Amino acid sequence: NIVNHQRGIAQYQKIEREYSELYKDLLFFGADVDYIDEGLFRAYGKVENGLFCCGKVGYKKIILNGNINLDGHTVSALNAFLAQGGKVIVVGDMPCYKDGEKYDFEDALKGAQRIPFDTVKAYELIKDSELEVETGASRLIVTKRKMQEGYVVLLLNPQKEENLRACVRIKTPLSCIKLNLRTGEEEYVDC
């Protein structure tokens, strides 16, 4: 009993560590990522035109990481998504329960790409080729939003007490404008 309890704690710690590491690294690499709650997906989600949609947002790529159990509705939606050309990437361990029952996902997620837990490889598989942002090793958090007029790129220094000096490269064929949020002043910049 103690051994099973210790295994459970170790598994929980692994899931928490990978969750935190994957999310932080993807943000630092410049990926635009969200988490989708299975309950909210059941209420507001659908697969349509090759997109995995939740509410008004549609995704072309889905990462599964640390999902021991998946809801049957989610599994059906992921299969429909794969059938419509969507991309599902399992980073690390494959889920092993569906609706709380032991389940073999090897057949259930045919077409999903599996990789060992590797945040760099995960980023390479999901990065936006139209607008790639490089921040070097500066550990800036990068958020991108697609707007009607183009993109907005927000850079955040997560170190509250420390100034940060960084070289940022935005790889895009689009023209870039630097916006001073204090004055509203715009300035064209090389990118």
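Computed from a predicted structure; not experimentally measured. Position 1 is the first residue of the sequence, and the numbers go up from there.
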Student check: side-chain heavy atoms of [X] and [Y] closer than 4.5 Å:
X	Y	answer
Lys56	Tyr44	no
Leu64	Met94	no
Val33	Leu27	yes
Asp71	Arg42	yes
Lys46	Leu51	no
Leu155	Ile141	no
Gln113	Lys87	yes
Leu109	Arg114	no

Rounded to the nearest 0.5 Å, what separates atom [atom1] in [X] from atom [atom2] in [Y]?
X	Y	atom1	atom2	value
His73	Asp99	NE2	CG	11.0 Å
Asp37	Cys54	CG	SG	8.0 Å
Lys24	Thr119	NZ	OG1	11.0 Å
Gln11	Ile9	CD	CD1	11.5 Å
Asn157	Arg165	CG	CZ	13.5 Å
Tyr97	Lys102	OH	NZ	4.5 Å

Would you sort out whether Val142 and Val153 count as a side chain to side chain contact (heavy atoms under 4.5 Å, CB included), showing the intermediate values?
CA-CA 7 Å; Val142 179; Val153 178; 4.1 Å; yes
Quick one: does any side-chain atom of Asn67 pair with a main-chain N or O of Asn69 as donor and acceptor, under 3.5 Å?
no
Are [X] and [Y] linked, directly or through other ILVMFWY residues, by side chains that come within less than 4.5 angstrom of each other?
X	Y	answer
Val47	Leu70	yes
Phe52	Val91	no
Ile63	Phe41	no
Ile115	Tyr123	yes
Val90	Leu82	yes

Evaluate Ile177 against Val189 for side chain to side chain contact (heavy atoms under 4.5 Å, CB included), listing each step before the verdict.
CA-CA 6 Å; Ile177 298 171; Val189 293; over 6 Å; no
For the student: nearest non-hydrogen atoms of [X] and [Y], plus distance:
X	Y	result
Leu179	Glu186	CD1-CG, 3.9 Å
Ile126	Ala31	CD1-CB, 3.9 Å
Phe28	Pro158	CE2-CG, 3.9 Å
Leu22	Ala122	CD1-CB, 4.0 Å
Ile170	Cys176	CG2-SG, 4.3 Å
Glu48	Gln84	C-OE1, 3.7 Å

From CA spacing to verdict: side chain to side chain contact (heavy atoms under 4.5 Å, CB included), Phe29, Val120
CA-CA 8 Å; Phe29 296 151; Val120 174; 3.9 Å; yes
A quick test of your reading: do over 12 heavy atoms of other residues, nucleotides or ligands sit less than 6.0 Å from CD of Glu106?
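Yes, because the 6.0 Å sphere around CD of Glu106 holds more than 12 heavy atoms from other groups.
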Exceeds 12 heavy-atom contacts within 6.0 angstrom, atom OH of Tyr59:
yes
Fit a plane to each ring of Tyr19 and Tyr23, take the angle between them on a 0 to 90° scale, and name the class: parallel (under 30°), tilted (30 to 60°) or perpendicular (over 60°).
parallel
Answer yes if the side chains of Glu18 and Asn65 hold a donor-acceptor pair under 3.5 Å, and no otherwise.
yes
As a quick check of understanding, evaluate side chain to side chain contact (heavy atoms under 4.5 Å, CB included) for Phe105 and Lys98, giving each step before the final call.
CA-CA 9 Å; Phe105 279 89; Lys98 179 176 122 180; 4.0 Å; yes
Checking Lys178 against Tyr188: charged group under 6.0 Å from the ring centre and within 45 degrees of the axis?
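Cation-pi check for Lys178 and Tyr188: fails.
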